[in-house]
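Quick note on labels: first sequence line is chain A, next is B, and so on, each numbered from 1. Keep in mind that this is a model prediction, so the values were computed, not measured. Just so you know, these numbers use all the heavy atoms, side chains as well, and skip hydrogens, waters and symmetry mates.
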Amino acid sequence: MKIASYNINGINARLDNLLRWLAEAKPDVVCLQELKAPDDRFPWKALLAAGYHSIWHGQKSWNGVAILSSYGEIQETRRGLDGDPNDLHSRYIEAFINGIVIGCLYLPNGNPFPGPKFDYKLKWIKRLTKHAKKLNGFDLPVALVGDYNIMPTELDTYKPEKYIDNALFRPEARKLWQILLSQGWTDAFRKMYPEQRIYTFWDYLRNAYQRDAGLRLDHFLLNHKLADKLQSATVEKHVRGWAHSSDHAPVWIEISEARAPHPS
DNA sequence: ATGTCAATCGTGGATTGA
């Protein structure tokens with residue numbers, strides 16, 4: 001089972017790229033972020049024609065998350081996080097697919113630091129941590145997937161010293177990431193590549209992709225029940241090189257599936 | 001700051017967010 005995450009940076013502006021990549025990579029489940037589209041402009045028909053059912057939580061102009069599945073109709077389990085009734089950003093959607101709880105998230109960027117946007121980011125991480133604790137109590141495989149907008153360590157950025165005062169790398173955010181992980185979550189990519197510099201984002205500015213001036217922002221957190229089944233993890237770096245690409249690359253993990261018992 | 005995108009309002013280009 002292939003579970004993917006892709007910050008698409010405008011689903012309608014990049015629908016052709018998305019469909020091309022789906023046809024090429026054939027993931028089973030895809031978590032999308034930064035739809036930048038209201039609910040009534042989500043291209044569900046084109047995705048259905050490509051073989052994917054969708055659930056989505058859109059918003060005018062910014063944010064927006066969706067989950068695609070090749071397994072048929074999707075059982076949605078949640079949209080949004082508790083803890084702030086005034087938060088209207090569409091940043092979290094969750095479903096139960098093929099026996100796995102999959103949370104798709106778009107964590108606030110938080111720049112500029114310091115400021116209200118950074119404060120909102122920290123609060124959002126705490127709300128996510130609270131929800132993650134609840135999910136971790138279930139006797140089910142769980143994956144929390146998406147654009148975390150956090151570089152957890154110096155290995156996760158091409159130039160750590162440049163990012164000291166950046167919300168993506170501030171110690172306050174990295175500390176909350178560690179607190180979240182300490183509940184028992186496995187960072188799937190770091191588990192598969194313990195020492196390697198891997199990036200999932202390259203800025204549009206200053207030929208960042210050509211220079212490999214990247215950041216690792218998109219993560220898969222797996223609970224124990226799922227981490228045991230992790231087979232591989234891949235960054236689809238070449239897709240970032242396509243014309244009219246998002247500034248993120250699609251990323252995916254492969255999960256081994258227990259063979260279903262034969263019907264008797 | 002630099003310089004690159006998309007959405008918006010609303011029809012040309014400034015503004016906002018990333």
- Task: Check DNA chain B against residues 197-217 of chain A and give the residues with a non-hydrogen atom under 4.0 Å, in numerical order.
- Result: A:Tyr204, A:Leu205, A:Arg206
Please state the [atom1] separation for the pair [N] and [M] - nearest whole angstrom.
| N | M | atom1 | result |
| --- | --- | --- | --- |
| B:dG3 | B:dT8 | P | 27 Å |
| B:dG12 | B:dA7 | C1' | 15 Å |
| B:dG10 | B:dT16 | P | 15 Å |
| B:dT2 | B:dT15 | P | 14 Å |

- Query: Would you call A:Lys123 and A:Asp87 a salt bridge, taking side-chain N to carboxylate O under 4.0 Å as the test?
  - Reply: no
- Carboxylate-amine/guanidinium contact A:Arg170 A:Asp165, below 4.0 Å: yes
- Message: For chain A and DNA chain B, what are the first and last nucleotides along the strand, 5' to 3', with at least one atom under 4.0 angstrom from a heavy atom of the protein chain?
- Response: B:dT2 to B:dA18
- Sequence neighbours left out, what passes side-chain contact (heavy atoms from CB on, under 4.5 Å) with A:Asn136? Give chain and number order. A:Gln183, A:Trp185, A:Asn223
- Message: I want to confirm an ordering. Mapping A:Lys36 and A:Asn7 to their closest nucleotides on DNA chain B, which one lands closer to the 5' end?
- Response: A:Lys36
- Message: If you assign each of A:His244 and A:Asn63 to its closest nucleotide in DNA chain B, which residue comes earlier from the 5' end?
- Response: A:His244
- Does A:Arg174 count as lying over the ring of A:Phe169, i.e. NZ or CZ under 6.0 Å from the six-ring centre, within 45 degrees of the axis? yes
Any donor-acceptor N or O pair under 3.5 Å, side chains [X], [Y]:
| X | Y | result |
| --- | --- | --- |
| A:Asp187 | A:Trp177 | no |
| A:Asp156 | A:Tyr163 | no |
| A:Asp218 | A:Thr200 | yes |
| A:Asn109 | A:Lys117 | no |

